[in-house]
Amino acid sequence: MEESKEISKSYDPKINDTEINKLWEESGFFNSDNLPKSHKKEYSVILPPPNVTGTLHLGHALMVVIQDILIRYHRMKGFKTLWLPGTDHAATATQERVEKDIYKKENKTRYDLGREELLRRIDVFTKESHDTIVNQVKKMGASIDWSREAFTLDEKRNFAVRTAFKKMYDAGLIYRGNRIVNWDPKLGTTISDDEVERVEEKTSFYYLKYGPFTIATARPETKFGDKYVVMHPKDKRYAKYKNGEKLEVEWINGKINATIIKDEAIDMSFGTGVMTITPWHDKIDFEIAQRHNLDFEQIIDLKGKLLPIAGEFSGIHIKKARPLIVEKLKAKGLVEKIDENYIHSVATSERGGGVIEPQILKQWFVDVNKKFKLERSKIKGIKSGSKTTLKEIMEKTVKGGQIKIVPDRFKKIYFHWIENLRDWCISRQLWYGHRIPVWYKGEEVYVGTESPKGDGWIQDEDTLDTWFSSGLWTFSTLGWPEKTKDLEFFHPTNVLETGYDIIFFWVARMILMSGFLLGDIPFKNVYLHGIVRDKEGRKFSKSLGNGIDPLDIIEKYGTDALRMSLITGISPGNDSNFSEDKTRGYRNFATKLWNIGRFIKMNDVADYDPKKIKLSASDKKKIKFAVDLKNKAGKNIGNFKFNEAAYDLYHYAWHEFADKIIEEVKPRLKSENLKDKLSALKMLKDILFEVLKSLHPFMPFVTEAVYKEVYNPKDSKDLLIIAKW
RNA sequence: GCGCGCAUAGCUCAGUGGUAGAGCGUUUCAUUGACAUUGAAAAGGCCCCAAGUUCAAUCCUUGGUGCGCGCACCA
């Protein structure tokens, strides 16, 4: 009883969490190389690298918790566990963020600063951001191997990117060409199809007279160069017009020589069934123009201003130009009617929020449909040396079940995306990121991992889409293209755990890259978690000001409580709402666990040999129940049913072990009969051990602390973190 | 247009082919003897609607309603 006075009545995470974290770090067990030799079989998870654009939010916290649960469980199960951390340079987001800051503070743009200076400023920013993130991840109790930390833009990863680019180029999968791309005038770069977000907008829809026809448009400002008028070949209304027929029409800036084009892309029932086309600024028009070998004329420049083709409107921004043009059309009597309530969706940039202007630009692309020979394949359904496509790799790996997706329904969404997939535009007109490893000298083009020898070579100005480097993440982090031991042992990784919102951006691209470069899958399982929202179910956002720093919650309730409140009551792929009430509830549970330990320690007896104590059948049965429950929880963790596992353990620990078993056994603990007392004690300690082990993946701090208090391990390496499950 | 998800206690959400669960909230009582960050109990649910399958449906099937989301199209 003397000792017990030293234990406080409640678990204090502020002191204990820090102390426990130190014990773990000193043990070295986060690094699989330091685990006991009995840990043989590999189990690997690579942390989805958070963007170095700021701090982590609760969504990141959930991600870290789930992965830590998997890692801690498998470590205790005797696996050689690797959890490899890193951060993502997130080119677009990061550059935008820093540019904004500079503009706010100094009223300067990136062009004022120059490439070198901007990159220097970004480096300063990302270092700071990186340190914040690492600190946050550590506070979450992540048992992560910091000795292997990577950055998507560090030297090793840059080499991997250059190598990947070169290999894909040599295989003919990367090409450069003039294609219609999504141009973001605000960010000053192209973006991929996946980064475009459609926003519905009410706008005016103009019916304009175009010679004998009426055409309809929502964007009169693009119509200057429209010299082709297109209709469906089977449209009886326009049967008298022949494909290729020419006619003169009065248009915005005077007479224009129009050509009739017949194409099946036209929807006869939409509008008047006739349209004029703007091949430079519209994907469909571009395709029609390609089919009929028509001229392409640029109308709008990269800043959104009209070009000389617009005559008197030249140099005016399209936003300002539209009403002026409509005025002129009205004056000329070319406006037939205006539908004021037309709803159409405007393409905007998911990142910058600006309106996307399609443009024809010379860019680099990854060809997803081109056949190539896959030399060495471990992909089921694609034989070594056979011809395949990137699309096929992405499809077969999942369809054949080699990669499992939890929850299952995301498979459909994934396949649907693949079906609609076009070539991936990978070049960006940003300065921050992996510079494209291509050099030019006159007409000569050199693609290589290093710059070419000789004078006069100029490297491509553009950088690569961030997801190009992220796509390599599962193996670039393990040393690829070098043949490292880590790569051989830990790849493919066991689980990719991430949010469902980046299944296309990232999950699909990793499968693509790994398939092409390694002929293998990047991971065996994909677990997708939902978005963590606020108490009211709103997304966390800066504009709403509802952001929550996980560190503030940890400060108030402790890490274990935060972890439990994030993981309970959720199901895979579904969004969840976060409330502090829940966290408070689990803080109470941490205290409960602490007090269970405290109670047992208070009743502990020194100098007795637990091996000599015989237990009654009913006591044994109680212990067995705890063991069985632990195994059930383990199975649930293995099947990604974290909530179920946590719920069972919570309920058992509190409402069975504490409320019933301990209450019932109290008289025996007070008994004069030493045998009675010791057998009760042994049973409690045996059950507690099971409870601590099974709850450790969820609540690592308090369980480790109680273990230390109650079982008095003599060896500093005797920690619950590697206790045998 | 194609596809997906959700609908369960006052609120936020888990879950299951057979008497329905958690957190918070509400009511009553008890205890300062591990824990008031406690214990015991209670109130509160046509588990969205309809039909079907089944001995049995909140769960499976079909249809409907409401909400949310993804993709495509939008001249």
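In what follows, chains are A, B, ... by sequence order, proteins preceding strands, each numbered from 1.
With respect to A:Asp552 and A:Lys556, no salt bridge is recorded, no charged nitrogen being found less than 4.0 Å from a carboxylate O. One finds no salt bridge joining A:Asp184 and A:Arg351 here, because no Lys/Arg side-chain nitrogen approaches an Asp/Glu carboxylate oxygen to under 4.0 Å. A salt bridge does not link A:Glu336 with A:Lys209: every distance from a Lys NZ or Arg NE/NH1/NH2 to an Asp or Glu carboxylate oxygen is 4.0 Å or more. One finds no salt bridge joining A:Lys202 and A:Glu340 here, because no Lys/Arg side-chain nitrogen approaches an Asp/Glu carboxylate oxygen to under 4.0 Å. Salt bridge present: A:Lys685 and A:Asp604 bring a charged side-chain N and a carboxylate O closer than 4.0 Å.
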With side chain to side chain donor-acceptor pair (under 3.5 Å) as the criterion, how do A:Glu580 and A:Thr583 come out once you've worked through the C-alpha distance, each side chain's angles and the decisive distance to 0.1 Å? CA-CA 5 Å; A:Glu580 262 190 66; A:Thr583 317; over 6 Å; no
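Considering only heavy atoms from C-beta on, A:Asn16 stays 4.5 Å or farther from A:Phe701 through its side chain. For the pair A:Ile661 and A:Tyr652, the minimum side-chain heavy-atom distance is below 4.5 Å. At a threshold of 4.5 Å between non-hydrogen side-chain atoms, the residues A:Tyr207 and A:Ile338 do not count as touching. The shortest distance between side-chain heavy atoms of A:Arg584 and A:Asp581 falls below 4.5 Å. Residues A:Arg587 and A:Tyr11 have side chains not in contact (no heavy-atom distance under 4.5 Å, counting atoms from C-beta outward). At least one side-chain heavy atom of A:Lys262 sits less than 4.5 Å from a side-chain heavy atom of A:Met231. Here the side chains of A:Arg598 and A:Glu709 are not in contact, with every heavy-atom distance at 4.5 Å or above.
Checking B:C35, B:C6, B:G15 against the side-chain heavy atoms of A:Glu663 singles out B:C35 as nearest. If you check B:A34, B:G15, B:G3 against the side chain of A:Lys412, the one that comes closest is B:G3.
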Polar atom pairs (N or O), protein with nucleotides 70-73 of chain B, under 3.5 Å:
| residue | atom | partner | partner atom | Å |
| --- | --- | --- | --- | --- |
| B:C71 | O2' | A:Asn420 | ND2 | 3.4 |
| B:C73 | N4 | A:Ser345 | OG | 3.2 |

Just the table, please: protein N/O against nucleotides 10-12 of chain B N/O, every pair under 3.5 Å.
| residue | atom | partner | partner atom | Å |
| --- | --- | --- | --- | --- |
| B:U12 | O3' | A:Asn577 | ND2 | 2.6 |

Detail all sub-3.5 Å separations between protein N/O atoms and N/O atoms belonging to nucleotides 21-26 of chain B.
| residue | atom | partner | partner atom | Å |
| --- | --- | --- | --- | --- |
| B:G21 | O2' | A:Tyr647 | OH | 2.7 |
| B:G23 | OP1 | A:Tyr650 | OH | 3.3 |
| B:C24 | O2' | A:Asp581 | OD2 | 3.2 |

Dump the pairs, protein N or O against N or O of nucleotides 57-63 of chain B, anything under 3.5 Å, distances to one decimal.
none

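At whole-Å resolution of the value, CD1 in A:Ile503 and P in B:G5 are 13 Å apart. In this entry the distance linking CD1 of A:Ile418 with C1' of B:G3 reads 15 Å, nearest Å. Between the CH2 atom of A:Trp654 and the P atom of B:A40 there is a distance of 10 Å, rounded to whole Å. A straight line from CG of A:Leu688 to C1' of B:A34 spans 12 Å, rounded to a whole angstrom. Distance, A:Lys666 NZ to B:G33 P: 10 Å, rounded to whole Å. A straight line from OH of A:Tyr414 to C1' of B:G5 spans 21 Å, rounded to a whole angstrom. B:G33 atom P lies 10 Å from atom CZ of A:Arg598, rounded to whole Å. Rounded to an integer number of Å, the gap from CG of A:Leu566 to C1' of B:C13 is 14 Å.
Across all strands, A:Ala590 comes closer than 4.0 Å to no nucleic acid atom at all (heavy-atom distances). In this structure, A:Arg587 reaches the bases: a heavy-atom distance under 4.0 Å links it to at least one base atom across the strands shown. Among the protein residues, A:Tyr500 comes within range of no part of the nucleic acid, since none of its heavy atoms lies under 4.0 Å from any strand. Nucleic acid contact class of A:Glu419 (heavy atoms, under 4.0 Å, all strands): none. Note on A:Ile596: a base of the nucleic acid sits closer than 4.0 angstrom, heavy atoms only.
Taking a 4.0 Å limit (strictly below) on heavy-atom distances, residues 265-273 of chain A reaches RNA chain B at A:Ile266, A:Asp267, A:Phe270.
Remark: aromatic rings of A:Phe213 and A:Tyr241 are close, center separation under 6.0 Å.
Rounded to the nearest Å, the gap between the P atom of B:C48 and that of B:C29 is 36 Å. Remark: the separation of the C1' atoms in B:U8 and B:U16 is 12 Å, to the nearest Å.
Using a 30° and 60° split on the angle between ring planes, A:Tyr707 and A:Phe689 fall in the parallel class, below 30°. Between A:Trp467 and A:Phe505, the two ring planes are parallel [angle under 30°; tilted spans 30° to 60°].
Applying the 3.5 Å distance criterion, the base of B:C35 shares no donor-acceptor pair with the side chain of A:Lys9.
For the residue pair A:Asp194/A:Trp424, the side-chain donor-acceptor check at 3.5 Å is not satisfied. Side-chain atoms of A:Thr203 and A:Arg219 form no donor-acceptor pair, as typed in the model, at a separation below 3.5 Å. Side chains of A:Lys677 and A:Asn603: no donor on one and acceptor on the other come within 3.5 Å.
Only one option out of A:Tyr650, A:Trp594, A:Tyr647 pairs with A:Phe589 in a ring-ring contact (aromatic ring centres under 6.0 Å, His included); it is A:Tyr650.
Pairing analysis of RNA chain B (Watson-Crick: purine N1 to pyrimidine N3 plus N6-O4 or O6-N4; G-U wobble: N1-O2 and O6-N3; both under 3.5 Å) yields stems of 3 or more pairs at B:1-7 with B:65-71, B:10-13 with B:21-24, B:26-30 with B:38-42, B:48-52 with B:60-64.
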